[in-house]
Each structure stands twice: as structure tokens, then as C-alpha cells.
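Just so it is clear, the model here is predicted, and its values are computed rather than measured. Residue numbering restarts at 1 for every chain, and letters A, B, ... go by the order of the sequence lines.
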Amino acid sequence: MKIATWNVNSVNARLETVLKWFREASPDVACLQEIKCVDEKFPREAFEDLGYNVVVHGQKTYNGVALLSKSPVEDVRRGLPGDEADDQARYVEAVISGPTPVRVVGIYLPNGNPVASEKFGYKLGWMERLNRHVRELLALEEPLVVAGDYNVIPEPADVHDPVAWMDDALFQPQSRGAFRALKWLGLTDAYMEVDGAPGGYTFWDYQAGAWPRNHGIRIDHALLSPQACDRLLGCEIHRDVRDWEKPSDHVPVVVELAL
DNA sequence: ATGTCGACAATATGTCGA
């Protein structure tokens, strides 16, 4: 079973590019981030025509996540628990049906820039809430995949120029520490497990020739519970998609599990 | 430091967010 995560930077502005990739890669499950539309504006039928069940947690203009699955889904949750006042659409969760069900969580973790603003506090608070909720999900002792745009550069090997990113929220010690804390709950970074080569970037800014210069960062991750990691077959970063017509600034990451 | 996008309110470009 192939489970993908992709920050598409507007599903409607990117629809042809996104559908082209879905037709070629044909993931069984996909977590999309930054769909940038309300539920009613999500191009549901285009994905249903490709055979997907569609779960949308949208928002006007900003953020928004979706979960697509060829198999029926159960136990759908929209929104990260722990703060009723949080109105940003960044979390979607569902159990994918099958002989061995797998719980998939799709996240769009807050960017947090600039560091000297309330946005950074929101990011760290969100990561703490995620930690608390993942702790509960891990207690279920079932295959679990937490995939998405984490907006965290875990290690210096995950950025072309670590010094240039020192003051960025994505590479702050607190952000990296919260990501490590999440892993220390018992999750495994799929890319590091099966590949781990330095420079496995997933994002290149549109600006300043970041893509042709390979000034990238690795911020899109799939973390696996032990029960999911035991079934891990592969993890691929679809880097070539960054060179397509009208690309997102992120590329898809695909995890394959023996399910 | 910034060579780019996208949504939106608004009718042209400016603002915000990334």
C-alpha cells in the first residue's frame, strides 16, 4: 500500500498538475496540505473519478488539508484536539479499511515565522498538542502513519545551507526538539529508515532560483508507529515533480507498506 | 537577501502568508 503526502499549494490552482501525478503514481492513500479552499470548493469529483474516497477539512484562503483513499475510511477526525479556539484547518485523521487497517494522520504543521511573533508560539503549542494526541494513538498499538508538511528541518543534513536557516522557525532548536520528542514517543522517520541520504529535500522556494540551485530543505515527513514500521517497504521523494509545469514548491513523498 | 506564487477584495493593484 502506497501512502503519499504532498503540500500542493492550492489544489484548484494546481489541479491539472496534481491529477497528472495521481494518474502516474496512483497512491492508495494521499494526504494533501494547503488546499487553500473551503470544503465546497474542493474538486471532489475529479478525485472520485480516479477512484478515491474524499475527506476534506478546508478553510477559506489559507491552510486546509484533505485525505484521499481508494479503500473506504472510518473513524474520521477533523482538527487537532486540545484547543477548541483553534480554527485553522491543519489536521485530518482516518482509519483506512482493509485486512490490516492502518490509521493515517495528515498534518499541515504551522510555519511559525517570524520567530519573534505569536506565530512561533502557536507552532510550538500545536506541536505539543500533536505530541499529546499521538501519545494516545500510539497506545492503540496499531499501524499508524503521521504524514504531512511538518515545517521542521530535523537535522543540518536536511538543508543545503544550515547557517542560512539558523534564524528560521523551521530550524529553531525548539522546533527540532519538539520533532525529536515526537519521534521519541516511538515513531520512525520513514525516509531516514530506508534511505537517509543527505539532501533528500522536499521543498524548494519559488524565489531566488532555489530549485535550479538545489537550495532545498526536507520538511515533509512520514512518521510510523512500530506496527507500521514493521511493514515498511520503501520511501520515495518524487523530486522530478518539482520540474513539471506549474509545480508546487513541495514535492510528494510516498511511503510503501506491506499491507 | 529575495529573482515567486496564490487567494482575496477589488477592479488595479495591494495585502497577507509562505
Side-chain angles (χ1 to χ4, degrees), chain A residues 5-21 31-44 46 56-66 80 86-92 106-127 130 147-154 158-172 174-176 178-179 201-221 237-253:
Chain A
T5 176
W6 192 10
N7 179 322
V8 295
N9 186 20
S10 174
V11 70
N12 285 307
R14 199 91 43 226
L15 189 57
E16 289 316 307
T17 307
V18 171
L19 292 177
K20 175 176 147 79
W21 181 78
C31 304
L32 303 184
Q33 301 90 37
E34 280 205 272
I35 61 172
K36 290 188 173 178
C37 64
V38 294
D39 294 10
E40 299 73 37
K41 294 263 180 73
F42 188 88
R44 171 179 292 268
V56 185
H57 183 37
Q59 178 184 338
K60 190 178 177 186
T61 311
Y62 305 120
N63 312 317
V65 290
L80 179 62
D86 185 4
D87 56 357
Q88 299 192 26
R90 299 177 172 277
Y91 185 97
V92 63
I107 65 167
Y108 176 46
L109 209 146
N111 176 296
N113 278 304
V115 172
S117 74
E118 71 290 344
K119 291 179 183 176
F120 190 56
Y122 174 69
K123 178 189 190 118
L124 296 179
W126 205 94
M127 294 186 83
L130 180 64
D149 176 359
Y150 279 73
N151 268 316
V152 175
I153 303 165
D158 299 315
V159 49
H160 74 283
D161 182 0
V163 174
W165 287 78
M166 284 251 295
D167 297 327
D168 197 283
L170 279 60
F171 199 47
Q172 288 301 295
Q174 296 101 310
S175 309
R176 296 174 58 194
F179 185 78
Y201 306 142
T202 63
F203 168 94
W204 297 260
D205 202 296
Y206 289 121
Q207 298 188 70
W211 167 243
R213 294 172 190 204
N214 195 26
H215 289 179
I217 53 179
R218 190 174 74 93
I219 56 175
D220 299 272
H221 310 296
I237 298 168
H238 288 211
R239 183 188 173 96
D240 59 302
V241 177
R242 190 61 178 78
D243 242 346
W244 288 10
E245 285 281 305
K246 221 172 183 302
S248 169
D249 39 9
H250 297 250
V251 295
V253 177

Starting from C1' on B:dT2, measure out to CG on A:Asp168 and report it in whole angstrom.
-> 14 Å
Touch class at under 4.0 angstrom, heavy-atom based, for A:Phe203 against every strand present = nothing
Of the candidate nucleotides B:dA18, B:dC8, B:dG17, which contains the atom at the shortest distance from the side chain of A:Thr61?
-> B:dC8
Atom-to-atom span, CG of A:Asp167 to P of B:dT2 - whole angstrom = 16 Å
Starting at CD of A:Glu40 and ending at P of B:dA7, how long is that distance when rounded to a whole Å?
-> 17 Å
Which heavy-atom pair separates A:Arg242 from A:Trp204 by the least distance, and what is that distance?
-> NH2-O, 2.8 Å
Distance between C1' atoms of B:dA10 and B:dC16 (Å, rounded) | 15 Å
Spacing of A:Gln59 atom CD relative to B:dC8 atom C1', expressed in whole Å = 14 Å
Let me know the distance between CH2 of A:Trp165 and P of B:dA18, rounded to the nearest Å.
-> 13 Å
Check the distance between B:dC8's P and A:Ile35's CD1 and give it to me in whole angstrom.
-> 12 Å
If you find the nucleotide of DNA chain B closest to A:Ala164 and the one closest to A:Asp205, which residue's nucleotide is nearer the 5' end?
-> A:Ala164
What's the CG-P distance between A:Asp149 and B:dG17, to the nearest Å?
-> 17 Å
Out of B:dG6, B:dA18, B:dA1, which has the shortest distance to the side chain of A:Asn111?
-> B:dA18
In whole angstrom, give me the gap between the C1' atoms of B:dA7 and B:dT11.
-> 15 Å
B:dT2 versus B:dG17 - spacing of their C1' atoms, nearest Å = 15 Å
A:Gln207 side-chain proximity, nearest of B:dA18, B:dC16, B:dA7 | B:dA18
Identify whether any heavy atom of A:Lys246 sits under 4.0 Å from a base atom; if not, whether one sits that close to sugar-phosphate; answer base, sugar-phosphate or nothing.
-> sugar-phosphate
Aromatic plane relationship, A:His215 with A:His160 - under 30° parallel, 30 to 60° tilted, over 60° perpendicular | parallel
In Å, rounded to the nearest 0.5 Å, how long is the span from OH of A:Tyr201 to CD1 of A:Ile237?
-> 10.5 Å
Say whether, by atom type as modelled, one donor and one acceptor occur between the side chain of A:Thr202 and the main chain of A:Ile219 under 3.5 angstrom.
-> yes
Using a cut-off of 4.0 Å on non-hydrogen atoms, how would the nucleic acid contact of A:Ala13 be classed: base, sugar-phosphate, or nothing?
-> sugar-phosphate
According to a strict under-4.0 Å criterion, is A:Lys41 in side-chain N/O contact with OP1 or OP2 of B:dG6?
-> no
pair_partner(B:dG3), Watson-Crick or wobble, both distances < 3.5 Å, evaluates to none
Of all heavy-atom pairs between A:Leu109 and A:Asn151, which one has the smallest distance, and what is that distance?
-> O-ND2, 2.8 Å
Given atom CZ of A:Arg213 and atom C1' of B:dA1, what is their separation to the nearest angstrom?
-> 11 Å
